[in-house]
2 protein chains.
Amino acid sequence: MEQYTVNQLAKLASVSVRTLHHYDQIGLLKPGERKRSGYRYYGESELYRLQQILFYRELDFPLEEIRLLLDDPRFNRETALLFHREKLQQRQRRLQVLLHTLDETLHQLKKEEKMSNYDMLYKGFRKEKVQALESEVAEKYGAATLDETKTRLNSLDKATVLALQKEGDEINLALSKLMHLQADDPRVQEWVKKHHQYTTSFYPADLTVYRAWAQLYVEDERFKATYDKVKPGLAAFLSKAMLVYCLRV
Amino acid sequence: MEQYTVNQLAKLASVSVRTLHHYDQIGLLKPGERKRSGYRYYGESELYRLQQILFYRELDFPLEEIRLLLDDPRFNRETALLFHREKLQQRQRRLQVLLHTLDETLHQLKKEEKMSNYDMLYKGFRKEKVQALESEVAEKYGAATLDETKTRLNSLDKATVLALQKEGDEINLALSKLMHLQADDPRVQEWVKKHHQYTTSFYPADLTVYRAWAQLYVEDERFKATYDKVKPGLAAFLSKAMLVYCLRV
DNA sequence: TAAAACTATCACGTAAGGTGAGAGTCAAGC
DNA sequence: GCTTGACTCTCACCTTACGTGATAGTTTTA
């Protein structure tokens, strides 16, 4: 049975020693054993408990509440993990909204346009609670305006989505026409850059992820098919060009 | 020029009135105007400033530092937004790792297996600072292990993307098998909810956007083709079910 | 066996607001 | 014009989750 000192555990879990002291003090995480010297030693079950604590903390639960939850005899680790999973995914979606808000703001900034609706500036900041949302809008503006607003937004939203799709098509098309060039040709790389930016608006791909992706374009049938449908050989070509791009930047 | 009272701005930006008072007090966000009554009124430029503040706050910047940044004459809104973008994506990736850690833990829990390496319990908890990461790892374990780590991460990224794709496939498949039911059947709606969450992880579709999307599934050939390829008629079925979903929630 | 490296317990400090209390202000309806 | 309910103001003390020493004992390493 392995034993960890404060320092060792702190490093392992990326928390400070003070944090462990604190958790001991408030009875949230007590060491499995205390030598007569007073030193704290943590064992396996403490490691699991700490993981749980950190998951809850990540979700902004107050420590006192975490303690109550973990000490409740009805506590079940698997249920808790599934709960965390749900909430973390929720947070991911919130971040996605936030990124979208950011891109919209950037877009308006470039066009030097005035906002029609300042509301847009703040979408995604509210910490996840989500419940009564639609009803609030209805209350605010009345049902009639709601419908009108809805249909107007409707066509705008459709246009946005279609535009996004079109942008993707354009990038693919442009690249397919450059397949006679070398992968490291500036004209190719320019479009790869666009491709990279385009993909990051959907998926958080930094260069390492993007690089992993490049491999998928040739390894995975689904990816390969999608691109080769535009023009046979595009998948392999793009994959190579992406790798070059990653190395260059 | 529109003017917002504390309450109005607080609601708009999902912060508390107290927070606005506090920001005024520390000189982070001063109202554009103060009536003789002492009431605070905020104008357009304050709205933008608040957005910036919230982005920085989301990234755990201390308020004092935010103030210094925003008041620096070299401050540029576009540069700042691009910085936020980078960091938010970094956080998304951290959450991704955290979810992976969670799934691994769940997996081990079910198999009732012992962990070979407790280190795994805590991947993704460390808040992003990241700069000197590679160098740190290299220092610690030597260059050889670094490469290994890289390829492992690589495969994790690939696995994540493939898992995402698989999730999409599963949802489509499940729905295609429920086409004999009514669109408002709970079993159908359950999967529509998953579909909605799934799409949101790529593109933040609130209910109005999702509704617009529903129409695209029948109006736009590209969308239609994608779904009808799974099973003819799925596009229309899903479209209807999505509309029901939007009205129900 | 001494130095270097940890660890322990106070104890006070801090950031970002929460939570009233007491008093002035504004908009609407009568 | 007056009342009433909903806002708003300032002060001031409270809270959470640790950070940051100070001082003193313990373990490990040379």
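Chain A is the first sequence line, chain B the second, and so forth, proteins listed ahead of strands; every chain is numbered from 1.
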Provide, to the nearest angstrom, the distance between the CZ atom belonging to A:F61 and the C1' atom belonging to D:dA17. 17 Å
Below the 4.0 Å mark, does C:dT7 have OP1 or OP2 next to a side-chain nitrogen or oxygen of A:N7? yes
Which residue, B:Y41 or B:V17, contacts DNA chain C at a nucleotide closer to its 5' end, judged by nearest heavy atom? B:V17
Send over the distance from A:E65 CD to D:dT16 C1', rounded to a whole Å. 13 Å
A:S37 side chain: which of D:dC9, D:dT26, C:dA8 is closest? D:dT26
Start at the 5' end of DNA chain D and walk down; is the nucleotide closest to B:Q8 or to A:H22 reached first? B:Q8
Respond yes when some side-chain nitrogen or oxygen of B:T19 is under 4.0 Å from OP1 or OP2 of C:dA16, and no when none is. no
Between B:H84 and B:Y56, what is the ring plane arrangement, given parallel below 30°, perpendicular above 60°, and tilted in between? perpendicular
Interatomic distance, B:D24 CG vs C:dG17 C1' [rounded to whole Å]: 14 Å
OP1 or OP2 of C:dC26 under 4.0 Å from side-chain N/O of B:R36: no
Establish, with yes or no, whether the OP1 or OP2 oxygen of D:dC9 is under 4.0 angstrom from a side-chain nitrogen or oxygen of B:R40. yes
B:Y198 and B:F202 aromatic ring geometry - parallel, tilted or perpendicular at 30°/60° bounds: perpendicular
Please state how far atom CZ in A:R67 lies from atom P in D:dT16, giving the value in whole angstrom units. 12 Å
Whether A:H21 contacts C:dT9 is assessed here as follows: a side-chain N or O lying under 4.0 Å from the phosphate OP1 or OP2. Is that the case? no
note: B:I53, atom CD1; C:dA16, atom P; distance rounded to Å ~ 12 Å
Is the distance from OP1 or OP2 of D:dG19 to the nearest side-chain N or O of A:S16 less than 4.0 Å? yes
Using OP1 and OP2 only, check whether a side-chain N or O of B:R18 sits under 4.0 Å from D:dT15. no
Nearest-Å distance for atom pair CG/P, residues A:D60 and C:dG17: 12 Å
Between D:dT10 atom C1' and B:L20 atom CG, what is the distance in whole Å? 16 Å
Between the side chains of A:Q92 and B:Q96, is a donor N or O closer than 3.5 angstrom to an acceptor N or O? yes
B:Q52 and B:L69: side-chain contact (heavy atoms from CB on, under 4.5 Å), yes or no, with the steps? CA-CA 10 Å; B:Q52 282 300 317; B:L69 281 168; over 6 Å; no
For B:K35 and C:dA27, what is the distance between atoms NZ and P respectively, to the nearest whole Å? 9 Å
Is the closest basic N to carboxylate O distance between A:E64 and A:R67 below 4.0 Å? yes
Between C:dA8, D:dA17, D:dG19, which nucleotide has the shortest distance from any of its atoms to the side chain of A:R34? C:dA8
Kindly say if A:Y23 contacts the phosphate of D:dC18, meaning a side-chain N or O under 4.0 Å from OP1 or OP2. yes
Looking only at N and O atoms, is any donor in the side chain of B:Y39 or the base of C:dG24 less than 3.5 Å from an acceptor on the other one? yes
Taking atom types as modelled, is there a side-chain donor on A:Q89 or B:Q197 under 3.5 Å from an acceptor on the other? no
